[in-house]
Every structure is written in structure tokens, then in C-alpha cells.
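This report concerns only the one structure given below.
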Amino acid sequence: MVSHSVWIVGTSRSGKTARLVEQFCSWVQPEKQYDESFYTKKLSRKKGVHIPEFLYLKQIEPGVLVLAANDDNRRELGDIIVTSTLGKYPVRAKTPLGFFQDEVILFWPLLINLLSLKAQFPVRLRPETEQELATKLWRPQLDEEILRVAGVNESRLVRRILDLLQLAAYSGVPCEDIAQILKRGLGENSTTLEPEFLASLLLDWRNWCLERGLLTYGIITELYSKHLLSDRNYQQHLTKRYQAVLADDVDDYPSVARPLFELLLDQGAVGAFSYNPDGAVRLGLGADPNYLEGLAERCRVEILTGPPPESLGEQAKQMVELLTEPMVLLSLPKTVHSIQTTSRAQVLRQTAEEIANAIQSQQVKPEEVAIIAPGLDAIARYTLVEILVKQNIQVESLNDQRPLVSSPVIRALLTMLALVYPGLGRLVDRDAVAEMLVVLSRKQQSPENSSLLTPNSSLTTDIDPVRAGLIADYCFVPHPDRPNLLPVSAFERWDRIGYAATTAYNEILQWLEQQRSQQELRLIPSPISLLDRAIQRFLWNGSNLPYEQLAALRELLETAQHYWEIDTRLRQIAPAETTPHTTLIEFIQLLRRGTITANPYPVRPIGGARKAVTLATIFQYRSSRRSHRWHFWLDAGSPLWAKGGAATLFGAPFFLRDRLGEPWTAEDQKLAEEQRLQRILTDLLSRVSERVYLCHSDLAVNGQEQLGPLLPLVNACVTHSVI
């Protein structure tokens with residue numbers, strides 16, 4: 001029987017998503033002979049009348065499961081589908097992990113019965129909270145000898161162990177089998193920790209979480225694939241709810257997504273899947289493209305021809321040949337230029353100046369330029385942004401997850417907490433108090449002209465840094481339990497502070513005293529309420545903050561809400577484990593360690609995309625599925641171009657379904673790096689339409705010579721600028 005499911009294969013920007021949406025429209029939009037309501041009319045098969053299987057989607061109420069590789073793509077795909085169908089059909093697009101989470105929570109009562117769990121509503125752990133709780137649980141067993149053998153610090157080791165649980169769950173491997181997989185994969189000569197020891201830690205952690213109703217991404221995925229998906233009751237509910245599945249970029253899906261798709265197809269559902277052989281952006285983070293590709297056998301395969309004509313994708317093959325066969329005399333096309341310098345500082349400056357000159361001469365617009373690097377350190381980000389902003393050119397850093405505590409606003413609020421709640425005096429000092437006074441005394445110059453469309457409204461402060469320092473020196477009284485702020489008159493020359501600063505300080509002092517008295521009377525429900533009060537009183541104040549500060553404040557409140565929700569659950573199970581005082585101390589210390597980043601639930605910018613130069617790592621850029629006219633490939637001589645870096649988790653190759661537990665040799669690593677580099681080149685060249693600059697410096701930041709895999713391209717390129 002001919003399958004009505006479709007497997008769409010194509011390179012980047014070849015039209016896979018558009019074809020996927022077209023297929024969806026053909027499923028849900030009635031033909032002329034079936035012009036009645038999608039939700040009300042139900043037809044039955046008549047003898048002798050053949051109706052294609054996919055037309056039954058118009059006749060039955062169950063919806064369509066729409067999946068995308070990541071959250072940004074999910075929102076875009078959902079919008080495209082709603083627009084294409086004129087909003088007639090409700091669509092709820094999800095990522096695979098988001099779908100697993102929704103299903104586990106929805107069918108939690110069923111899991112309670114299957115696993116004999118305690119009847120309590122589940123709470124999902126954020127990665128940073130997951131790591132903190134796992135560290136507490138494992139600390140008695142992670143002694144100095146264990147850390148010495150592992151060769152990493154405690155934080156890195158805990159994260160590495162937790163990642164193993166996540167990788168195993170993504171591949172459908174039970175937690176009990178992790179030791180066996182690691183033993184085969186690492187081999188007998190491995191100098192890392194014993195696989196049985198790592199597996200025992202993970203089993204303890206998983207059981208500890210389930211006893212308390214706490215869910216991590218790894219536990220959620222294991223519960224779904226191992227228990228829900230194999231349960232007959234759940235299978236009946238699932239197949240009744242969905243008669244079609246739409247999955248974009250399945251090359252970035254974990255292998256446990258394939259049993260889900262096969263179950264739906266086995267029960268009569270139809271599917272449309274798009275697959276990019278040069279994609280696999282998340283390979284090393286749980287994706288298993290080779291295993292997912294096996295679904296093509298059950299579908300009608302459509303191959304979309306080559307990259308779009310407005311891209312440089314046709315030149316990818318020539319550039320890859322130059323890398324694999326450097327002895328062959330090949331020249332690069334004129335669309336590829338180079339910026340070559342001796343030091344990295346020079347290449348950063350020349351790259352920024354080249355972009356600024358091109359934009360000012362109107363050769364290209366800011367939103368048509370992307371700077372892509374295998375890794376972006378703080379110096380490179382600062383240098384590029386500083387030079388371009390001085391030329392009035394905005395820069396958008398993709399997913400720039402700076403530590404939340406790097407924001408002065410957040411540090412000021414943490415200092416405020418230490419001044420209101422008792423027992424936190426060791427967490428505050430004079431410099432922190434001075435910074436708090438500056439931040440809490442800020443005001444917007446023209447609130448009547450403020451607008452969300454102009455987020456960079458200028459701000460003034462009633463207490464400047466010099467006066468704030470004087471006040472902190474003479475009016476701040478350190479104390480381990482009750483740090484205090486004295487009236488401004490405690491400073492003998494308080495007249496030098498000035499009227500505006502004195503007034504602002506008195507207002508802050510009065511507000512702090514009021515909050516202290518209310519805290520003693522237990523009139524403040526939680527620190528979250530106090531944070532909200534401070535934001536409303538001093539920071540919001542009828543004005544509109546810059547977007548970066550709004551994002552930081554939103555993430556602070558979301559993190560605090562999550563943290564106290566977890567703390568409440570833990571105290572319900574074991575009241576002696578935590579106290580409100582220790583919880584507040586641990587919360588402040590968690591933020592100050594820099595493990596929380598300003599990445600709140602996304603809100604789209606008003607007025608569409610920013611007119612700014614895009615700055616991103618290779619992984620960030622490929623994940624975003626963007627495209628530009630001009631590309632600047634920074635650090636073209638870096639060896640990191642072939643490395644996975646942070647986009648590859650420890651032990652990831654062991655959990656690929658086509659080689660579960662097989663040893664990972666040096667030859668395997670070399671082949672994987674070559675394939676990764678080829679995919680990166682093909683993908684990036686398909687996402688640029690006009691010009692590529694190879695930005696290379698002979699020396700890296702540490703002074704070593706850069707001899708990365710792209711060096712043959714740099715040498716073959718017509719030199720754009722040599723110093």
C-alpha cells in the first residue's frame with residue numbers, strides 16, 4: 001500500500017518547512033466535495049468509494065501534533081501554520097521535550113499507579129536547581145579522591161554525571177543500563193570514574209526526585225519513553241488525540257522520538273517529516289539523526305533540489321574539497337574574502353571597521369550582516385560591540401546568556417534582601433551598599449515621553465557613585481546578623497551630600513525600615529514579595545526600563561518563584577532539611593556564583609526584528625536557522641571549527657542507537673570532526689547569499705599560532721587586507 005506520509009529531504013533553506021506547511025494545508029483544508037465544517041462533519045467510508053487516508057483529517061476532530069527542533073523554531077512554525085490556514089484550525093506546536101513534559105504531567109496519575117509513586121503534583125526542576133540539589137545529595141560520596149580521579153571540579157563533575165542520565169533517556173536506555181553502556185564505551189583502559197559508581201549515583205538521584213515529585217528533563221524523558229509510551233491505556237488516548245504528526249528538522253530530535261512517530265503511524269496516523277542531511281546541529285546534545293532517518297522507509301520520500309539560488313551553497317563542495325585535498329590546486333570564488341592580521345586584537349578591530357565602512361557606505365544593511373565564531377569570549381564580544389555601537393550600529397548577540405548577577409540592578413536587589421532579612425550580614429559589604437544606593441535612586445529623565453518602543457531612555461540618579469561611596473563609608477554599620485544604615489547625619493559633613501541625594505537616601509532608608517518591621521511581624525509572605533515591592537517602588541516607578549534590565553528582572557522573579565516552590569516541596573517532605581533562613585542564603589549564593597542567566601520566558605520585540613548586526617557562535621547561528629547577505633567568520637584559523645566544544649556532552653557518542661556502547665576510538669573522533677566540519681561549511685554557505693569574509697589572525701589570544709582546519713581556505717583566499 002502506498003504510504004500517504006511524506007519524508008522531505010533537503011539542505012538548509014531548500015524549502016523543507018514550506019513544503020511541510022503545504023502538506024498540512026492539504027490535510028486540513030476541505031476539497032470542494034467536502035466543504036462542510038472541519039469539526040462537525042463526520043463521513044464514513046462507502047462501499048466502492050475510495051477516499052485517501054489523509055482526507056479523514058478533515059472529518060474527525062483529533063488534532064495534528066506539530067513538533068519543531070527548538071523553541072524559536074516552534075514559535076515560528078506555529079505562526080506560519082496559523083497564517084497559512086487563516087487561523088481556522090487551532091495549532092499547538094511543541095518541541096519534542098516540551099511534548100514529553102506536557103504528556104508526563106497530564107498523565108501523572110497514570111504514572112503514580114504504574115510506579116507506585118506518592119500522590120503529589122509534579123514540579124519540574126530547572127537545570128541550575130537540579131545541579132544544586134544533586135550536589136547536596138552526592139557531596140558525601142564526592143570526596144577529594146573522587147574529584148582527583150575525575151580531573152574536574154565538583155560542579156563540572158556533577159553536571160557531567162547528570163548529563164549522562166539525560167543522554168541515556170534521550171536514547172531510550174534505562175538508567176539501570178548506564179553502567180554497562182559506559183563500561184563498553186570507555187573501555188578497560190579508561191582513567192575516569194567507575195561506571196558502576198556513576199550509575200549508582202544516578203539511580204539514587206532519580207529515586208530521590210521521584211519520591212518528592214521533582215522532574216528533570218532526563219527523568220521526564222525516561223518516564224515518557226519507558227513507562228507512558230509502552231502503556232496500552234496511554235497509547236489509546238494518544239492515538240485518539242492525534243491523527244497526524246508534523247515534524248520539522250527531525251535530524252535534531254532525540255532517538256526516543258522515533259518510537260512515538262512509529263506508534264502513531266502504526267495506528268493509522270499520517271506524518272510529514274523534514275530532514276536535513278547537513279543539519280544535525282544538536283548532534284552531541286542528544287540528537288540521533290541516523291536513527292531518525294530510518295523513518296524514511298515508512299514514507300514517500302521527496303528530495304528537494306540543492307540550496308536556493310540566492311545562497312553560496314553551490315560553492316560548498318568546492319571548499320570542502322579544498323579542505324580534504326589540500327594538494328589540489330583550487331582557487332576560491334571571488335565571493336570569499338579574507339581579513340588577515342598578526343594578532344587577534346587587530347583582526348577584531350579590522351573586522352568591526354570593515355562592517356562599519358560597508359554599512360556607512362550603504363553596501364549592506366546592519367540586519368544583513370552576521371558575525372559567526374566557533375567560540376565568543378567576553379573580550380571579542382566587548383570589542384566588536386564597542387566599536388560598532390560607537391558608529392551607531394546596533395549589535396544583537398544571539399542567546400547571550402550573561403550571568404544574572406552581572407547586572408547592577410540584580411546585585412542591588414540582593415543587597416537589599418541582606419539588609420531586610422536577619423542573619424545575612426556576611427553577604428553584604430560597603431561597596432555593595434554604595435551600588436545599591438546608586439541603583440535604587442535612579443530616575444528617568446522624561447517619563448512623559450517614555451515608550452516601550454524606545455527602551456534606551458536616558459536615566460539619571462539622585463545619588464551618584466561618589467556620594468554613594470561617602471554614605472556607605474560613614475553610614476553603613478556591618479554586622480553578621482543585623483547590618484544597618486544610619487541616618488545621613490551620622491556623617492559630620494553630611495551637608496556635602498546635597499539635597500537631592502539626602503532626600504533620595506532618606507526615602508530608601510525609610511522604606512528599608514518599613515520592610516524590616518513588616519518582616520518581623522511576618523507581614524511579608526516571602527522574599528519574592530519583597531523583591532516585587534522593591535522593583536515597583538524604585539525601579540519601575542511608572543517608567544520603562546531598557547530591555548536588558550527588564551529581562552534580568554523577569555528572570556530574577558521567575559528564578560525566585562521556582563526556587564521557593566522547590567523549597568516548599570522539600571520542606572513538606574522533610575521539614576528539617578531546610579529553613580527559610582538557609583534557603584535565602586543559598587538563593588543569594590546561587591545567583592552570585594553566576595549559574596543563573598538572564599534568559600526568561602521569551603517575549604518578542606515590538607515592531608519585529610531589530611535592525612542590528614547579528615553576533616553568534618556557530619551553534620547559536622545554525623540553531624536559529626537565520627540567513628544573511630554577508631558573513632564574517634571570526635577566528636577562521638581556530639581549531640575549534642571542527643570541535644563540538646560546549647555543544648558536545650561527555651559520553652554522547654556512546655548513546656547513539658547505531659553504536660550503543662561501542663568504544664569511541666581516536667579514529668572515530670577524527671572522522672566525527674571531519675563530518676562536523678563538512679556539515680558546518682555546507683550549512684553556513686547555504687545561509688549566506690552574497691559574501692563571506694574569513695577573519696584570521698596568525699596568533700590566538702594565548703599567543704599560540706592558529707593552525708585550524710580552515711587554514712587552507714584562508715591561504716587560498718584572495719587576501720583582503722594584510723598587516
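Scope of the values below: all heavy atoms of this structure, side chains included, with no hydrogens, waters or symmetry mates. Counting from 1, the numbers follow the sequence of the chain as shown.
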Determine whether more than 12 heavy atoms belonging to other residues, nucleotides or ligands lie under 6.0 Å from atom [atom1] of [X].
| X | atom1 | result |
| --- | --- | --- |
| Lys643 | NZ | no |
| Arg593 | CZ | yes |
| Arg569 | CZ | yes |

Distance from Ile161 atom CD1 to Arg156 atom CZ, nearest 0.5 Å?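 Ile161 CD1 to Arg156 CZ: 13.0 Å, rounded to 0.5 Å.
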What distance do Leu285 atom CG and Leu167 atom CG have between them, rounded to the nearest 0.5 Å?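 Between Leu285 CG and Leu167 CG, I get 8.0 Å after rounding to 0.5 Å.
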Who passes side chain to side chain contact (heavy atoms under 4.5 Å, CB included) against [X], sequence neighbours left out?
| X | result |
| --- | --- |
| Tyr382 | Glu386 |
| Ile355 | Thr351, Ile359, Val369, Ile371, Leu388, Val613, Phe632 |
| Arg493 | Phe491, Asp495, Arg496 |
| Gln561 | Ile528 |

Check [X] against [Y] and note the closest heavy-atom contact, atom names and distance.
| X | Y | result |
| --- | --- | --- |
| Leu398 | Gln620 | O-OE1, 3.1 Å |
| Val405 | Leu591 | CB-O, 3.3 Å |
| Ala352 | Leu384 | CB-CD2, 4.1 Å |
| Leu201 | Trp138 | O-NE1, 3.1 Å |

Between [X] and [Y] (salt bridge meaning N to carboxylate O under 4.0 Å), is one present in this structure?
| X | Y | result |
| --- | --- | --- |
| Arg159 | Asp163 | yes |
| Glu507 | Arg537 | yes |
| Arg126 | Glu555 | yes |

Taking ring pair (Phe, Tyr, Trp, His ring centres under 6.0 Å) as the definition, give me every residue that meets it alongside Tyr217, ordered by chain and number, with sequence neighbours left out. none
Pairing residues for Trp494 by the ring pair (Phe, Tyr, Trp, His ring centres under 6.0 Å) criterion, not counting sequence neighbours: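 Here no residue qualifies.
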Which donor-acceptor pairs under 3.5 Å do the side chains of residues 482-489 make with protein atoms, sequence neighbours left out?
| unit_1 | atom_1 | unit_2 | atom_2 | d |
| --- | --- | --- | --- | --- |
| Arg482 | NH2 | Glu520 | OE2 | 3.0 |
| Asn484 | OD1 | Arg516 | NH1 | 2.8 |

Of all residues at least two apart in sequence or in a different chain, which pass the side chain to side chain donor-acceptor pair (under 3.5 Å) check with [X]?
| X | result |
| --- | --- |
| Arg426 | none |
| Arg467 | Asp464 |
| Ser697 | Gln706 |

Scan side-chain atoms only and decide if Thr583 and Asp567 contain a donor-acceptor pair under the 3.5 Å cut-off.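 On atom types as modelled, these side chains qualify, holding a pair under 3.5 Å.
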Between Thr221 and Gln166, do the side chains contain a donor N or O and an acceptor N or O under 3.5 Å apart?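 Short answer, no.
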Does any pair with a residue in residues 502-523 pass ring-ring contact (aromatic ring centres under 6.0 Å, His included), and if so which ones, sequence neighbours excluded?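 Applying ring-ring contact (aromatic ring centres under 6.0 Å, His included) to every pair that reaches into residues 502-523, excluding sequence neighbours, yields Trp511-Phe538.
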Before giving the answer on side chain to side chain contact (heavy atoms under 4.5 Å, CB included), spell out for Ile497 and Ile471 the whole-Å C-alpha distance, their side-chain angles and the decisive distance to 0.1 Å. CA-CA 8 Å; Ile497 301 300; Ile471 294 173; 4.1 Å; yes
Residues in salt bridge (Lys or Arg N to Asp or Glu O under 4.0 Å) contact with Arg124, at least two apart in sequence or another chain: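 Listed in chain order: nothing, the list is empty.
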